[in-house]
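The structure appears right after this line, and notes come after that.
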Amino acid sequence: MKKDLVIIGGGPAGLAAAIAAREAGVEELLILERDCRLGGILNQCIHNGFGLHTFKEELTGPEYADRYIGKAKTLGIPYRLNTMVVDLRAEGQQKKLTVMNREEGLYEIEAKAVILAMGCRERTRGALNIPGFRPAGIYSAGTAQRYVNMEGRMPGREVVILGSGDIGLIMARRMTLEGARVKLVAELMPYSGGLKRNIVQCLEDFGIPLRLSHTVVDIKGRDRVEGVTIARVDGNLKPIPGTEEEISCDTLLLSCGLIPENELSQGLGAAMNPVTGGPFVNESLETDKEGVFACGNVLHVHDLVDYVSQEAEAAGRKAAAYLRGGLEGTGRVVSLRAAEGVRYTVPASLDIGRMEEAQTVRFRVGDVYRDAAIEVSCDGRILRSVKKKVLAPGEMEQIILKKQELEAADNPKEIVISVRTQGQGKEA
Amino acid sequence: MSETRELVCIRCPLGCNLSVKLEGGEIAAVTGNTCPRGAEYAVKELTDPRRIVTSLVRVRGGELPVAPVKTASDIPKGKVGDCVKALRQIEVPAPVHIGDVVMENVCGTGVDMVATANVDRS
Ligand code: SF4
């Protein structure tokens, strides 16, 4: 099978990318989705809060997905469900995908361009090193979310949640509403990894305590979880002896963050950013493999689906431009560097000649800052400084770079984005 | 007598930190909001707190055993628990479509419960 463009993943990123590519004139395209329906993780995110930026109304996850699924179907965009991409490689400009599903078995697709939109997955318990047996009753928050919201099954009645990522917070509320008792949320870091609004409406509304700087040091029970021991941690995140506290529960949910799902990108040999776990991309969201683009959570983990859709639309447009031969580099490349307090930037470089009038740069900070500023400088000259009341690792930030201001600079080489603290600024 | 209350606006994921100045129990000023919805939220939250409720309803003969639902608009915060309990008492036949009313005037709030996903027949 030959296609101009193959989009790997039919979640919010893949759908928005496919729609934008089709609207930009790409006829021969195909979405490959490994689940049994389009929409990805949105199908199990039944809470509201999606789409305020995009649709100016507050939708639930399935409703948000449905808007895009409806549009993709109206545009006649072909897709295959229950279909896994097992291998992706580039041979010159040709990309070869090895694909598998029940009906057709294993087969190959040749594509001129590929958009990576595989999303992310949860960190697992193995990565957390909690000692003890492996009793039943330990779930990742996302798995529990799928059980409860799509299969109508409750994983347990008395719950402790480790990690205050958004899915954990959302599940604290979900399980409470469905009749479980959520005893507490323990967070290793001194700040939450989730959105503030979720702390308010998922924990505070239900009187669920959030224990910052706490972790689970032991799990009780052989066949089924009977309880956990939590302890306070010191500045080096090591449990402090004597602070242990036993909590009885039958379920432990782990919400310890998400990581981009990039086995295919790695297999392809795309250069990866160890900070995000996603590939490095330029302003066109193209990886260092020509004609391979990335967007959404496979590129870097987002907190807002609206931004995933925006990013994916850009990837779709750029892939269409590439297929038309309109994405030639001009060689006037500037690199972007994350400095003091900023962990990474997406994109990591940009071609001034090729960039659009305004370029969104997204990034995360590594700590909590109050009354700080985001400083953008170009070869040592400050382009701008944006005041921020609060900066937190759980909330993605963005700045806009204008083509005009870069054109005006004399042969710019490097743009640096950093956090500037005023006075005492940084919070312990 | 004046006092300040700190709130986090939950109307959108920006989560602005709001400061509400109270003079003799009356709201005198709201600061920290990025948009007018924040001020509106602060007033509501301190006088008549409301929430949108999202939950599930059991589905008979569907490709999935449950369908997600939400209140069509926000309801008083104190009625959230009752509303979810009321949902547990009912079952709807497949197919279910986005926007279908699964329960009218839930718990006397004047607000309907509507489906938020499509569930086909099995
Ligand atoms: S004040 Fe406006 S921008 Fe800020 S959280 Fe509320 S709704 Fe969002």
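Note that the structure is a prediction, hence the values are computed from the model and not measured. We name chains A, B, ... by the order of the sequence lines, and we start the count at 1 in each one.
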Interface moiety of [X] toward chain A, non-hydrogen atoms closer than 4.5 Å:
{"X": "B:R88", "answer": "side chain"}
{"X": "B:C9", "answer": "backbone"}
{"X": "B:L56", "answer": "both"}
{"X": "B:K77", "answer": "side chain"}

What residue, out of [options], has the most heavy-atom pairs lying under 4.5 Å from chain B?
{"options": "A:N198, A:L59, A:L304", "result": "A:L304"}
{"options": "A:L195, A:D303, A:I199, A:N48", "result": "A:N48"}
{"options": "A:R174, A:H47, A:H53, A:E151", "result": "A:R174"}

- If the plane angle is over 60° it's perpendicular, under 30° parallel, otherwise tilted; pick one for A:F55 and A:Y64.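 Rings of A:F55 and A:Y64: perpendicular, as their planes differ by over 60°.
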
Of the backbone (N, CA, C, O) and the side chain (C-beta and beyond), which part of [X] lies under 4.5 Å from a heavy atom of chain B, both, or neither?
{"X": "A:E58", "result": "both"}
{"X": "A:E395", "result": "side chain"}
{"X": "A:L52", "result": "side chain"}
{"X": "A:R153", "result": "neither"}

- May I ask you to say whether B:K70 pairs ionically with A:E63, meaning some side-chain N is under 4.0 Å from a carboxylate O?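 So B:K70 pairs with A:E63 through a salt bridge.
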
- Query: When you check the gap from the basic side-chain N to the acidic O, do A:K388 and A:E397 get nearer than 4.0 Å?
  - Reply: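 Counted as a salt bridge, because a side-chain N and a carboxylate O are separated by less than 4.0 Å.
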
- B:H97 versus B:N118, side-chain donor and acceptor atoms under 3.5 Å: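 No, B:H97 and B:N118 have no side-chain donor paired with an acceptor closer than 3.5 Å.
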
- Going by atom types only, do A:E311 and A:H302 share a side-chain donor-acceptor pair under 3.5 Å?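 Yes - a donor-acceptor pair under 3.5 Å links their side chains.
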
- Item | Whether B:E63 side chain and B:D120 backbone form a donor-acceptor pair below 3.5 Å |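 A pair under 3.5 Å: yes.
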
